[in-house]
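The sequence lines fix the lettering, A, B, ..., with proteins before strands; numbering per chain opens at 1. Note that this is a predicted model, so its numbers are computed, not measured.
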Protein chains: 2
Amino acid sequence: MKIGELSKTTGCSIQTIRYYEKEGLLSTPERTEGNYRLYGERALKELEFIKHCRSLDIPLTDVKRLMELKNKPEESCASVNKLIAQQLALVNNRMRELKALKAELQQMASLCTTENTIEACGIIKSLDS
Amino acid sequence: MKIGELSKTTGCSIQTIRYYEKEGLLSTPERTEGNYRLYGERALKELEFIKHCRSLDIPLTDVKRLMELKNKPEESCASVNKLIAQQLALVNNRMRELKALKAELQQMASLCTTENTIEACGIIKSLDS
DNA sequence: TATAAAGTCTATAGTGACTATAGAGTCAAG
DNA sequence: CTTGACTCTATAGTCACTATAGACTTTATA
């Protein structure tokens with residue numbers, strides 16, 4: 001299939017697919033006589049793997065490492081484990097931050113009624129303190 | 001005070017301060033004979049305001065708008081209100097995503113014991129599906 | 001007083017993960 | 001045989017910074 005079809009099937013934009021190729025995440029596709037990229041099952045699977053990792057916010061460098069590890073099936077998966085644990089720690093951190101953030105935003109929202117002038121606005125006041 | 005002191009007082013890096021100035025968020029500072037930036041109370045307050053907004057993940061364009069609104073104290077604060085509500089919606093969305101993400105990462109972590117080879121690794125398997 | 005060290009200046013490039021655009025080439029349908 | 005859809009490469013833009021190079025200014029020390 002050509003890049004447009006791959007894009008539709010996977011939901012990745014065409015530019016993103018080419019970007020992943022440039023970054024060495026997708027294996028170099030064959031080309032038609034007219035120099036169009038040609039993809040098969042393999043590229044589809046690679047792309048789905050990347051998509052899945054990205055939906056977990058795993059950075060592309062780590063995705064690349066994971067894909068390389070996949071090709072060394074006899075090695076220990078300790079590094080895979082570590083990577084996921086790190087990712088989990090990041091997510092936990094970010095969630096804690098977001099909770100605090102949400103609380104403050106809600107508090108701010110409650111300080112403002114649309115009828116106020118900016119001078120009297122509780123939100124601006126709270127941002128100033 | 002000079003930029004280094006402002007940086008230490010506020011915890012913003014020197015480059016960030018200069019960046020905010022370039023983006024029109026900080027008012028243009030005076031200069032010494034030797035062309036060093038000179039800041040006073042005003043810059044300190046502006047910078048604290050920006051920092052506070054940024055800690056709430058409010059994008060710089062919106063911070064700029066808020067600062068402009070602050071200088072029009074007689075206008076209605078409806079737009080301030082709207083901006084905060086939008087930000088809150090974003091945060092809520094992101095929290096929902098992160099929850100799902102965390103659940104999946106935890107599930108994955110539970111699939112792997114360090115003794116496995118990659119071939120048998122539950123994490124890689126789950127990333128593949 | 002000389003010089004070394006610390007601070008500051010501007011301008012530019014890099015980050016990550018894309019997105020957008022320009023300008024040219026390819027291919028299928030009417 | 002031409003129109004339109006698709007694809008190609010190369011380049012620039014996004015956001016909010018961070019990092020660097022190379023020059024200048026100020027302060028501290030010998």
Side-chain angles (χ1 to χ4, degrees), chain A residues 1-26 28-40 43 46-67 83 86-87 90-91 94 97 101, chain B residues 1-26 28-40 43 46-67 83 86-87 90-91 94 97 101:
Chain A
M1 75 185 113
K2 281 180 288 179
I3 201 167
E5 200 186 332
L6 184 64
S7 167
K8 263 178 202 149
T9 323
T10 59
C12 287
S13 81
I14 289 176
Q15 297 102 302
T16 299
I17 294 172
R18 292 199 277 243
Y19 171 72
Y20 286 162
E21 182 187 334
K22 192 158 69 73
E23 295 301 303
L25 284 139
L26 284 174
T28 315
E30 293 176 55
R31 300 282 184 138
T32 66
E33 271 182 52
N35 201 31
Y36 285 11
R37 288 170 179 81
L38 267 187
Y39 298 102
E46 286 172 347
L47 199 44
E48 298 283 8
F49 184 85
I50 299 169
K51 254 194 87 181
H52 196 170
C53 290
R54 289 296 302 134
S55 79
L56 298 171
D57 268 0
I58 296 173
L60 285 185
T61 43
D62 289 347
V63 177
K64 205 172 171 186
R65 270 180 57 210
L66 282 173
M67 294 178 83
L83 207 151
Q86 277 172 3
Q87 200 56 30
L90 277 181
V91 169
R94 189 63 187 138
E97 284 172 18
L101 216 152
Chain B
M1 76 186 111
K2 282 180 287 179
I3 199 166
E5 200 186 331
L6 185 64
S7 168
K8 264 177 202 149
T9 324
T10 59
C12 287
S13 81
I14 290 176
Q15 297 100 306
T16 300
I17 295 172
R18 292 199 276 243
Y19 170 73
Y20 286 162
E21 182 187 335
K22 193 157 68 74
E23 295 300 303
L25 283 139
L26 284 176
T28 315
E30 292 176 56
R31 300 283 184 137
T32 66
E33 271 181 50
N35 201 31
Y36 285 12
R37 289 170 177 82
L38 268 187
Y39 298 102
E46 285 173 349
L47 198 45
E48 296 285 8
F49 185 85
I50 299 170
K51 255 194 85 181
H52 196 170
C53 290
R54 289 295 302 134
S55 79
L56 299 170
D57 267 359
I58 298 174
L60 285 185
T61 43
D62 289 348
V63 177
K64 205 172 171 184
R65 269 179 59 212
L66 282 174
M67 293 178 84
L83 208 151
Q86 277 173 2
Q87 202 55 30
L90 277 181
V91 168
R94 189 64 187 138
E97 284 172 17
L101 217 151

Q. Atom CG of Leu25(A) and atom C1' of dC18(C): how far apart are they, to the nearest Å?
A. 13 Å
**Q.** Donor-acceptor under 3.5 Å (Thr9(A) side chain, Glu5(A) main chain)
**A.** yes
Q: Starting from P on dA17(C), measure out to NZ on Lys64(A) and report it in whole angstrom.
A: 12 Å
Q: Quickly work out the Ile17(B) CD1 to dA16(D) C1' distance and round it to whole Å.
A: 15 Å
Q: Would you kindly give the NZ-to-P distance between Lys8(A) and dA5(D), to the nearest whole Å?
A: 12 Å
(Q) I want to verify a distance call: between dA16(D), dA17(C), dC9(C), whose nearest atom is closest to the Arg54(A) side chain? (A) dA17(C)
Q) Ala43(A) and Leu26(A): which non-hydrogen atoms are nearest, and at how many Å? A) O-CD2, 4.1 Å
**Q.** Which nucleotide in dT7(D), dA16(D), dC9(C) has an atom nearest any side-chain atom of Ile3(B)
**A.** dC9(C)
(Q) Judged by each residue's nearest nucleotide on DNA chain D, which is more toward the 5′ side, Lys22(A) or Leu38(A)? (A) Leu38(A)
Q. Nearest-Å distance, CD (Glu23(B)) to C1' (dG13(D))?
A. 13 Å
(Q) Looking at every non-hydrogen atom in both residues, tell me the closest pair between Lys64(B) and Gly24(B) and how far apart they are. (A) CE-O, 3.8 Å
Q: Please check the phosphate of dT10(C) (OP1 and OP2 only) for any side-chain N or O of Arg31(B) closer than 4.0 Å.
A: yes
Q | Interatomic distance, Lys51(A) NZ vs dA17(C) P [rounded to whole Å] | A | 17 Å
Q | Lys/Arg-Asp/Glu bridge criterion (N-O < 4.0 Å) met for Arg37(B), Glu21(B) | A | yes
Q. Is the backbone of Ile58(B) close enough, under 3.5 Å, to the side chain of Arg54(B) for a donor and an acceptor to pair up by distance?
A. yes
Q) If only side-chain N and O atoms of Arg37(A) are considered, is one of them under 4.0 Å from the OP1 or OP2 phosphate oxygen of dC8(D)? A) yes
Q: Summarise how protein sits on nucleotides 24-30 of chain C as a single string, 5' to 3': B when a protein heavy atom is under 4.0 Å from the base, S for sugar-phosphate-only contact, - for no contact.
A: -BBS---
Q. Does Asp57(B) offer a backbone N or O that forms a donor-acceptor pair with the side chain of Gln87(B) under 3.5 Å?
A. yes
Q. Between atom CG in Leu56(A) and atom P in dA17(C), what is the gap in whole Å?
A. 14 Å
**Q.** Interatomic distance, Asp57(B) CG vs dC15(D) P [rounded to whole Å]
**A.** 15 Å
(Q) Heavy atoms from C-beta onward define the side chain here; which of dT7(D), dA17(C), dC17(D) lies closest to that of Thr16(B)? (A) dC17(D)
Q: Under 4.0 Å between any heavy atoms, over every strand shown, what does Arg18(A) touch: base, sugar-phosphate, or nothing? Just pick one.
A: base
Q | Shortest side-chain distance from Gln15(A), nucleotide among dA16(D), dT21(C), dT10(C) | A | dT21(C)
Q. With respect to the phosphate group of dA17(C), does any side-chain polar atom (N or O) of Tyr20(A) fall under 4.0 Å of OP1 or OP2?
A. no
Q) Say you draw a straight line from OG1 of Thr10(B) to OH of Tyr39(B); how long is it, rounded to the nearest 0.5 Å? A) 10.0 Å
